[in-house]
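Working notes, beginning with the structure itself.
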Amino acid sequence: MERTVYVNGNYVPESEARISVFDRGFLFADGVYEVTSVLNGKLVDFAGHLRRLHRSLGELKMAMPCSDDELLKIHRALVEKNAVSEGLVYLQITRGAADRDFLFPAQATPTLMLFTQARSVIDSPLAKRGARVITVEDLRWGRRDIKTVQLLYPSMAKMIAHERGVDDAWLVKDGAVTEGTSNNAYIVTQDGTIVTRDLSSDILAGITRAAVLKCARELQMKVEERPFTVEEALRAREAFSSSATGFVCPVVEIDGTAVGDGQPGPVAMRLRQAYIEESLKAAI
Ligand code: PDD
């Protein structure tokens with residue numbers, strides 16, 4: 001069964017969707033994206049994703065192609081047309097099509113494209129067994145706070161992890177972990193403090209990260225936002241990641257060394273449960 005996707009004002013079967021070969025998303029990776037999870041047919045933290053989308057567009061001086069209300073309507077229409085009860089909505093906005101030139105075109109109509117993926121997000125075998133990660137050097141560009149479609153290096157890092165038989169890679173700059181290939185990274189120290197890198201242009205400000213830290217503080221857990229080294233992670237009691245696609249996912253091994261007892265940790269599991277409960281309540 002073909003999915004219905006949205007392209008520039010039209011809902012079309014995926015095989016009929018068309019974008020110009022001169023689209024700057026294709027020629028220059030000149031575009032941004034968002035990924036919103038769907039639970040019970042409803043959108044999780046749509047407002048947060050919308051806020052970050054506006055910020056990404058603003059940093060790149062790119063126009064928002066439609067109103068916020070319109071964007072919500074499109075998300076909801078796609079979820080309904082594709083009967084997604086659990087899964088993800090991917091949105092991409094590029095600067096649009098223009099003859100090839102490094103300079104931004106004076107006038108281009110942005111491309112707006114959305115598609116869905118139906119999949120179970122809550123019932124995740126990876127979250128149950130815990131992820132094994134390796135560390136690799138963070139070779140991405142310096143504006144990781146902007147959610148651009150330049151995903152080649154994360155894709156390469158994930159391939160290295162895959163070839164080594166593990167689940168993901170954590171990226172490392174100057175000895176400290178920045179984040180995962182497509183998630184934010186956390187450790188729980190031996191004294192029970194949750195540590196995750198502070199926000200800067202080094203990492204993406206995860207929408208799930210904000211929600212998870214809020215849950216942690218409400219549960220009276222101690223949180224420190226600061227860089228942590230790979231050595232510190234190897235000595236940690238627990239490790240985990242967060243993202244719209246994985247929610248909270250325990251990490252049980254780093255570079256072949258077990259984290260804690262090598263099993264998903266209680267802090268990660270508690271936060272995963274709290275995050276899911278909160279999301280089920282607040283989804284729109
Ligand atoms: N990735 N850091 C990076 C580099 C990411 O790509 C992502 C999300 C996150 C977590 O952000 P959020 O909590 O808002 O999903 C952090 C998405 C899910 C992806 O590329 O598939």
Side-chain angles (χ1 to χ4, degrees), residues 25 29 31-39 43-56 59 75 86-93 113-119 121-122 124 126-127 131 133 135-159 161-162 167-173 176-186 194 196-216 225 227 239-249 251 268 271-272 274-276 278-279 282-283:
V32 301
Y33 76 113
E34 278 297 331
V35 188
T36 304
S37 53
V38 177
L39 292 180
L43 302 161
V44 175
D45 214 337
F46 181 77
H49 289 283
L50 190 62
R51 258 196 309 279
R52 187 173 62 190
L53 177 65
H54 276 286
R55 182 180 180 280
S56 294
E59 292 298 300
H75 275 75
E86 203 174 313
L88 304 154
V89 181
Y90 288 84
L91 163 156
Q92 305 218 167
I93 298 174
M113 191 277 286
L114 288 91
F115 64 91
T116 57
Q117 278 182 357
R119 71 156 108 139
V121 195
I122 294 181
S124 152
L126 188 64
V133 306
T135 58
V136 305
E137 199 184 338
D138 194 340
L139 296 178
R140 297 173 299 165
W141 80 323
R143 289 301 308 275
R144 303 160 194 150
D145 55 312
I146 310 173
K147 196 164 171 65
T148 76
V149 297
Q150 308 179 58
L151 294 170
L152 185 55
Y153 189 69
S155 188
M156 289 167 74
K158 216 160 216 135
M159 277 312 294
H162 178 73
D167 304 297
D168 199 5
W170 276 12
L171 307 174
V172 176
K173 185 185 157 217
V177 174
T178 51
E179 56 188 335
T181 54
S182 59
N183 46 61
N184 290 113
Y186 307 73
I194 297 166
T196 193
R197 197 174 178 105
D198 49 311
L199 296 181
S200 72
S201 54
D202 287 340
I203 64 167
L204 185 73
I207 303 307
T208 320
R209 177 187 181 280
V212 166
L213 292 184
K214 186 165 173 270
C215 285
E225 294 179 63
F240 61 93
S241 66
S242 77
S243 68
T245 48
F247 291 170
V248 175
C249 183
V251 168
L271 284 174
R272 180 176 173 85
Y275 175 77
I276 290 171
E278 195 46 48
S279 299

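Indexing begins at 1, ligand by ligand and atom by atom, following the structure's order. What you see below is based on every heavy atom in this structure, not just the backbone, and it leaves out hydrogens, waters and symmetry mates. Note that the structure is a prediction, hence the values are computed from the model and not measured.
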Has E179 got a side-chain atom pairing as donor or acceptor with L204's backbone, closer than 3.5 angstrom? yes
Any donor-acceptor pair under 3.5 Å from R197 side chain to V177 backbone: yes
Show me, pair by pair, the donor-acceptor contacts under 3.5 angstrom made by side chains of residues 149-157, not counting sequence neighbours?
residue	atom	partner	partner atom	Å
Y153	OH	E137	O	2.5

May I have a table of the N/O to N/O pairs between ligand 1 and the protein that fall below 3.5 Å, each row giving the two atom names and the distance to 0.1 Å?
residue	atom	partner	partner atom	Å
ligand 1	1 (N)	K147	NZ	3.3
ligand 1	1 (N)	S182	O	3.3
ligand 1	2 (N)	E179	OE1	2.6
ligand 1	13 (O)	I207	N	3.3
ligand 1	13 (O)	T208	N	3.0
ligand 1	13 (O)	T208	OG1	2.6
ligand 1	14 (O)	R52	NH1	2.8
ligand 1	14 (O)	R52	NH2	3.0
ligand 1	14 (O)	I207	N	2.8
ligand 1	15 (O)	A244	N	2.8
ligand 1	20 (O)	Y33	OH	2.5

Across all chains, not counting sequence neighbours, the ring pair (Phe, Tyr, Trp, His ring centres under 6.0 Å) partners of Y275 are F247
Taken in chain and number order and not counting sequence neighbours, the residues that satisfy side-chain contact (heavy atoms from CB on, under 4.5 Å) with S242 are N184, Y186, T208, R209, V212
Report task. Using a cut-off of 6.0 Å, state whether more than 12 heavy atoms not belonging to H162 lie near its atom NE2. Result -> no
